[in-house]
**Student:** 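Okay, here's the structure, questions in a sec.
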Amino acid sequence: MIEMQDVWKTYADGTHALRGISVKVDRNEFVYVVGPSGAGKSTFMKLMYREERPTKGSIFVNGFNLEKLRQRKIPYVRRNIGVIFQDYRLLPKLTVFENVAFAMEVIEAPKKIIRKRVMEVLELVRLQDKIHSLPTQLSGGEQQRVAIARAIVNNPSVIVADEPTGNLDPDTSWEIMKLMEEINFRGTTIVMATHNKEIVNTMRKRVLAIEQGQITRDEWRGDYGYED
Ligand SMILES: Nc1ncnc2c1ncn2[C@@H]1O[C@H](COP(=O)(O)OP(=O)(O)OP(=O)(O)O)[C@@H](O)[C@H]1O
Ligand SMILES: [Mg+2]
């Protein structure tokens with residue numbers, strides 16, 4: 001489903017962010033990506049959703065080689081990856097409903113289908129009572145739930161989440177994590193970078209550690225493994 005083969009990433013200023021990453025993530029897995037600040041976690045995630053391109057090596061998502069994608073295939077591959085960020089990144093002038101619907105409008109889904117599907121995902125994240133609210137009228141946890149709804153609305157096979165609980169208090173972080181687990185149970189692969197030791201140690205999923213641009217640990221039912 002996702003495969004990297006000897007992937008290197010050197011940024012324009014010469015920073016070596018990733019040095020020879022090879023990894024496979026299968027359908028339906030839930031993977032935590034851990035490691036010190038600056039280790040290359042976000043770079044690793046960005047390569048998967050094609051925000052950055054590798055300096056060397058190959059990346060496959062659902063069988064497509066991201067470096068050899070034909071232009072017309074790019075929207076298809078993008079649609080198959082939902083992305084969630086630490087800072088939510090909602091459109092501030094749009095309501096909850098509109099923020100989620102927007103992701104379907106850009107792929108030109110029919111209006112009737114949009115309405116039905118948006119309500120369905122907003123129910124899943126338990127925000128059906130807030131559909132007319134603006135992001136500024138929501139708590140951090142609620143904003144992140146909108147971002148999750150937006151990420152899953154087009155039924156992606158993979159969700160890439162970069163520190164989705166980084167700005168949230170412990171209880172809200174747990175709520176978000178349970179939601180991600182539920183989405184995983186429903187059949188979506190999840191790759192999540194996190195610094196949340198307690199959550200990683202309790203959930204016992206696959207743990208991939210990145211240090212100085214290399215994978216230093218890959219464990220099933222792993223633990224966080226750092227003191228911070
Ligand atoms: N656009 C960029 N240009 C140059 N260097 C960059 C760029 N983005 C990241 N880096 C550098 O690449 C390395 C890896 O950064 P990255 O953001 O992937 O780390 P991270 O593991 O996500 O860290 P954190 O836990 O703090 O989020 C760091 O040395 C960082 O300074
Ligand atoms: Mg990061």
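Note that ligands are numbered from 1 as they come in the structure, with each ligand's atoms numbered from 1 the same way. Only this structure's heavy atoms are used, side chains among them; waters, hydrogens and symmetry mates stay out.
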**Student:** Verify whether one side chain among Thr216 and Glu211 offers a donor that lies under 3.5 Å from an acceptor in the other.
**Tutor:**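 Glu211 and Thr216 do have a side-chain donor-acceptor pair below 3.5 Å.
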**Student:** Can you work out which protein residues put a heavy atom within less than 4.0 Å of ligand 1?
**Tutor:**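 Residues near ligand 1: Tyr11, Asp13, Thr15, Ala17, Pro36, Ser37, Gly38, Ala39, Gly40, Lys41, Ser42, Thr43, Glu163, His195.
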**Student:** Between the main-chain N or O of Arg126 and the side-chain N or O of Arg145, is there a donor-acceptor pair closer than 3.5 Å?
**Tutor:**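 Yes, Arg145 side chain to Arg126 backbone: donor-acceptor pair under 3.5 Å.
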**Student:** Counting backbone and side-chain atoms alike, is an N, O or S atom of Ser42 positioned under 2.8 Å from the Mg ion (ligand 2)?
**Tutor:**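 A backbone or side-chain N, O or S atom of Ser42 is under 2.8 Å from the Mg ion (ligand 2).
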**Student:** Give a yes-or-no answer on whether the side chains of Thr43 and Tyr11 include a donor-acceptor pair shorter than 3.5 Å.
**Tutor:**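 Yes, Tyr11 and Thr43 have a side-chain donor paired with an acceptor closer than 3.5 Å.
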**Student:** Answer with yes or no whether the side chains of Ser58 and Asn65 bring together a donor and an acceptor at under 3.5 Å.
**Tutor:**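 No, no side-chain donor-acceptor pair sits under 3.5 Å.
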**Student:** Within 45° of the six-membered ring axis of Tyr76 and under 6.0 Å from that ring's centre, is NZ or CZ of Lys73 located there?
**Tutor:**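 Positive - Lys73 is close enough to the ring of Tyr76 and near enough to its axis.
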**Student:** Surrounding CZ of Phe102 (heavy atoms of other residues, nucleotides or ligands, distance under 6.0 Å), is the total greater than 12?
**Tutor:**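 It does not: Phe102 CZ has 12 such atoms or fewer within range.
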